[in-house]
Structure formats: structure tokens, C-alpha cells
2 protein chains.
Amino acid sequence: MNIGEAAARSGLPPKTIRYYEEIGLVNPARDTNGYRAFRESDVHKLSFLERARALGFTIGDCRALLSLWEDDSRASADVKAIAREHLAEIDAKISSLRQMRKTLDDLIGKCAGDDRPECPIIERFAHGAEPVTETR
Amino acid sequence: MNIGEAAARSGLPPKTIRYYEEIGLVNPARDTNGYRAFRESDVHKLSFLERARALGFTIGDCRALLSLWEDDSRASADVKAIAREHLAEIDAKISSLRQMRKTLDDLIGKCAGDDRPECPIIERFAHGAEPVTETR
DNA sequence: CTTGACCTTCCAGTTACTGGAAACCCTAGG
DNA sequence: CCTAGGGTTTCCAGTAACTGGAAGGTCAAG
């Protein structure tokens with residue numbers, strides 16, 4: 001099958017599939033005309049990548065996960081370890097975003113949002129402030 | 001003052017300050033020896049940038065915020081609009097991360113994490129699954 | 001035989017820096 | 001006066017993971 005169909009079936013854009021080939025994640029055969037010829041196994045792999053990426057795993061993680069997938073003698077502990085590390089990163093991102101969100105929301109609430117120039121948001125950037133955490 | 005001191009006072013690495021100059025966010029004077037000569041106003045601007053970036057505003061947003069800061073006849077509504085849009089993006093990211101987190105956490109909970117190959121995480125990537133949202 | 005949809009490669013751009021190399025400048029110590 | 005160090009300069013390259021676009025080859029339909 002051509003790249004268009006592989007794209008439709010894996011959920012990845014053709015551009016991305018070409019990129020994945022370039023970095024060695026997939027290795028489709030070639031027709032005599034030079035077109036990539038995807039087998040079922042290639043599509044399966046691409047779908048695997050699509051799902052792992054959708055959960056936020058990096059390409060590096062995906063590479064490791066793929067090789068574990070193909071390793072019949074893998075230990076699920078190895079997979080779990082990768083997933084745990086990723087979960088920790090997600091948690092870190094969420095908490096950083098939540099802190100931002102809190103501060104920002106607070107500032108937005110204090111800003112009149114009218115045609116006058118006074119603005120606590122700009123003030124904050126201009127002069128800094130103690131963390132919002134100062135509850136009493 | 002030289003870039004080192006400007007860096008110490010603004011909280012930004014020298015590299016970043018040079019980058020900000022390159023993209024036109026700051027424009028420090030130069031000494032006869034070619035060294036950048038930062039005035040108080042430059043440091044103030046750099047600190048502004050550091051704080052806005054810490055809240056996750058893009059460089060583009062920062063550019064807009066800076067020019068509003070310098071505009072005495074600004075309307076706080078314009079600042080607020082930028083902040084609101086950014087807040088919406090943060091919310092979108094948080095909810096996307098939360099969805100990932102939930103799915104991932106669920107899978108991790110189901111994985112034995114021992115030396116056997118069976119692994120719900122890998123299975124999920126290999127065969128997909130309905131969203132976890134299917135409560136009942 | 002032409003048209004339009006696909007496909008190919010290659011180059012560039014995105015975001016916001018960061019690392020490193022080669023070389024210049026300045027100051028303090030000997 | 002020389003040197004050693006630390007700070008500074010510019011420039012080039014790399015990061016993550018694609019994405020857009022140009023120029024051109026291929027294929028099936030009409």
C-alpha cells in the first residue's frame with residue numbers, strides 16, 4: 001500500500017511517516033517506481049507509534065517501547081519503568097502549569113480590562129511580586 | 001554594566017540576553033571595546049521578560065506586552081486579552097496532560113512490572129483501546 | 001494526451017534557547 | 001612587561017518533532 005493509505009490507517013500524516021522513516025523508526029519496502037510499499041506490519045508499527053505519541057512519549061521513548069514490543073523476552077518491568085518516568089514528567093508539567101494558571105488567573109481577576117492604562121498584569125511583570133502562595 | 005551583571009540582576013543567562021538582543025527585544029548600547037553596556041532600563045526590561053516568560057507567555061506575547069508596557073495610553077483590556085488567551089492555552093494543555101495522565105496511570109496500575117513479557121501498556125499501543133472515559 | 005491526484009526528494013522554518021569554538025579585552029600578580 | 005584568569009565577543013550548530021513548500025516523477029481516468 002502507498003503512503004496515503006498507510007497514513008489514513010495509522011492516523012499519522014504522510015509527512016510524519018516519511019520523517020519516521022528518516023529517523024529509522026520504520027523501514028517500508030519500495031516499489032519499482034520508488035513509492036514506499038507499506039506492509040500490514042508497517043502500518044501496525046505506525047499505529048503503535050501514533051498511540052504512544054498521543055500519550056506524550058518522546059520519540060526516544062517510542063524507540064525503546066518499540067524494541068520492547070518486538071522483544072518476546074522483554075520484562076514488563078522495563079516497560080513500566082519507562083511509563084513511570086514519563087508519568088513523573090507529566091506530573092511535573094501539570095504542576096508547573098497549574099502554578100502558572102493560578103498566578104495568571106489571579107492577575108486577570110484584578111485587571112479592570114477597560115480603556116485605562118492601569119493594569120496589575122503589566123505591573124507584575126514590571127515590578128515582580130511575592131508568590132501568590134502567601135496565604136496569610 | 002556588562003552582560004554578566006545584567007544576567008545576575010535579571011535572572012536570565014547571558015546567552016538568553018544575547019538572543020533577546022538578536023531578535024530585537026532589547027537593544028543595549030555598546031562600549032568602545034564592543035562590550036554591551038546595559039542601562040538600568042535595559043535590566044528592567046530583561047526582568048520584565050524573565051517574569052513574563054516564567055508565566056509561560058511566548059516571545060510573541062512578550063513583544064506585545066512590552067510594547068503595551070511602554071505605551072502610556074494603553075488600554076488594560078488589551079493586556080487582559082493577551083492574558084486571557086494565554087490562560088486558555090494553559091487550560092488546554094493542562095486538560096490534555098490530565099487525560100494522558102489518567103490513561104497512563106491506569107495502564108501502569110495494570111502492569112505487573114515483573115520479569116514476564118505480558119504488559120497491558122505495550123498491548124495498548126499495539127492494539128489500541130477505547131477511551132478510559134467509558135464509565136459504565 | 002491531458003488533467004489531477006499521488007508520490008518522490010530536498011530545503012527551510014518553527015520555538016526558544018543552549019553549547020562550543022576561536023578570538024578579543026581587562027585586570028591583578030610577579 | 002608578561003602572563004594567567006575570567007569575562008566578553010561573534011558565529012555555527014544542535015535541540016524536538018515535525019510542517020510547509022518547491023520542483024518534478026507516476027498513474028489512472030476520460
Side-chain angles (χ1 to χ4, degrees), chain A residues 1-38 42-43 45-46 48-66 85-86 89-90 92-93 96-97 100, chain B residues 1-38 42-43 45-46 48-66 85-86 89-90 92-93 96-97 100:
Chain A
M1 101 192 60
N2 285 345
I3 200 169
E5 195 184 336
R9 291 181 46 189
S10 66
L12 292 170
K15 278 279 189 188
T16 299
I17 296 177
R18 290 192 195 100
Y19 172 67
Y20 284 175
E21 182 188 25
E22 190 185 322
I23 62 174
L25 284 179
V26 285
N27 192 27
R30 294 287 180 144
D31 280 340
T32 50
N33 60 11
Y35 285 20
R36 288 169 182 82
F38 294 84
D42 293 318
V43 173
K45 212 167 184 175
L46 289 170
F48 183 104
L49 289 166
E50 197 277 327
R51 294 186 197 107
R53 290 287 300 132
L55 279 190
F57 285 95
T58 64
I59 292 288
D61 287 339
C62 289
R63 215 182 281 277
L65 290 168
L66 265 186
E85 268 190 50
H86 181 45
E89 270 160 31
I90 289 177
K93 265 186 205 158
S96 151
L97 285 170
M100 284 183 196
Chain B
M1 99 191 64
N2 286 346
I3 200 168
E5 195 184 337
R9 291 181 46 188
S10 65
L12 292 170
K15 279 276 189 189
T16 299
I17 297 176
R18 292 193 194 99
Y19 172 68
Y20 285 174
E21 182 188 24
E22 190 186 321
I23 63 174
L25 283 179
V26 285
N27 192 26
R30 296 285 181 144
D31 281 342
T32 49
N33 60 10
Y35 284 20
R36 288 168 183 82
F38 294 85
D42 292 319
V43 174
K45 212 167 186 175
L46 289 170
F48 183 103
L49 289 167
E50 197 276 329
R51 294 185 197 107
R53 290 286 300 132
L55 280 189
F57 285 96
T58 65
I59 293 288
D61 286 339
C62 289
R63 214 182 282 276
L65 290 168
L66 265 185
E85 267 188 50
H86 181 45
E89 270 160 31
I90 288 177
K93 265 185 205 160
S96 149
L97 285 170
M100 284 182 196

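Please read these numbers as outputs of a predicted model, since none were measured by experiment. Convention: sequence-line order gives letters A, B, ...; per-chain numbering from 1.
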J.: Considering residues at least two apart in sequence or located in another chain, which fulfil the side-chain contact (heavy atoms from CB on, under 4.5 Å) criterion with B/P14?
T.: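 B/I3, B/A7, B/R18.
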J.: Output the single nucleotide from C/dC25, C/dC7, D/dT19 whose closest atom is nearest the side chain of A/N2.
T.: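 Among the listed nucleotides, the one closest to the side chain of A/N2 is C/dC7.
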J.: Polar-atom pairs under 3.5 Å, protein N or O versus N or O of nucleotides 1-5 of chain C: list them with distances, or write none.
T.:
none

J.: Looking at every non-hydrogen atom in both residues, tell me the closest pair between B/L97 and A/I90 and how far apart they are.
T.: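 Answer, listing the atom of B/L97 first, then A/I90: O-CG2, 3.8 Å.
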J.: Sequence neighbours left out, what passes side-chain contact (heavy atoms from CB on, under 4.5 Å) with B/E85? Give chain and number order.
T.: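 If we apply the side-chain contact (heavy atoms from CB on, under 4.5 Å) test to B/E85, skipping adjacent residues, there are no hits.
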J.: Can you sort out the partners of A/T58 under side-chain hydrogen bond (donor to acceptor under 3.5 Å, both in side chains), two or more places apart, ordered by chain and number?
T.: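 Here the qualifying residues are A/D61.
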J.: Ignoring the backbone of B/I3, work out which of D/dT19, D/dT8, C/dC7 is nearest its side chain.
T.: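 Closest nucleotide among those given: D/dT8.
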J.: Report yes if the side chains of B/V43 and B/M1 come closer than 4.5 Å at any heavy-atom pair, otherwise no.
T.: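 Contact flag for B/V43/B/M1 side chains = yes.
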J.: Could you encode protein contacts along nucleotides 12-17 of chain D as a string, one character per nucleotide from 5' to 3', using B for base contact, S for sugar-phosphate-only contact and - for no contact, with a heavy-atom cut-off of under 4.0 Å?
T.: -----B
J.: Distance check: side-chain N/O of A/R18 vs OP1/OP2 of C/dC6, anything under 4.0 Å?
T.: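 So the side-chain polar atoms of A/R18 never come under 4.0 Å of the phosphate oxygens OP1 or OP2 of C/dC6.
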J.: Using the salt bridge (charged side-chain N to carboxylate O under 4.0 Å, His left out) criterion, which residues pair with B/D42? Sequence neighbours excluded.
T.: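 Expected list: B/R39.
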J.: With A/F48, which residues qualify under ring pair (Phe, Tyr, Trp, His ring centres under 6.0 Å), at least two apart?
T.: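 A/F48 satisfies ring pair (Phe, Tyr, Trp, His ring centres under 6.0 Å) with A/W69, B/F125 only.
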J.: Could you list the donor-acceptor pairs under 3.5 angstrom formed by side chains in residues 24-31 of chain B, with sequence neighbours left out?
T.:
residue : atom : partner : partner atom : Å
B/R30   : NH1  : B/G34   : O            : 3.0
B/R30   : NH2  : B/E21   : OE1          : 3.3
B/R30   : NH2  : B/E21   : OE2          : 3.4

J.: Who pairs with B/R63 by salt bridge (charged side-chain N to carboxylate O under 4.0 Å, His left out), at least two apart in sequence or on another chain?
T.: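 Listed in chain order: nothing, the list is empty.
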J.: Work out which heavy atom in A/I59 is nearest to a heavy atom in A/R53; give both atom names and the distance.
T.: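 That closest heavy-atom pairing would be CD1-CD, 3.9 Å.
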J.: In degrees rounded to 10°, what angle is found between the helical axes fit to the five outermost pairs at each end of the helix from C/dC1-D/dG30 to C/dG30-D/dC1?
T.: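 Angle reported: 30°, given to the nearest ten degrees.
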J.: Within the pair B/N33 and D/dT8, is there a side-chain N or O less than 4.0 Å away from OP1 or OP2?
T.: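 Checking B/N33 against D/dT8: no side-chain N or O falls below 4.0 Å of OP1 or OP2.
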J.: Return no unless some side-chain N or O of B/R36 is found under 4.0 Å from OP1 or OP2 of D/dT8.
T.: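 False: B/R36 side-chain N/O out of range (4.0 Å or more) of D/dT8 OP1/OP2.
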J.: With heavy atoms under 4.0 Å as the rule, sort B/P13 into base, sugar-phosphate or nothing.
T.: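 Sugar-phosphate contact only.
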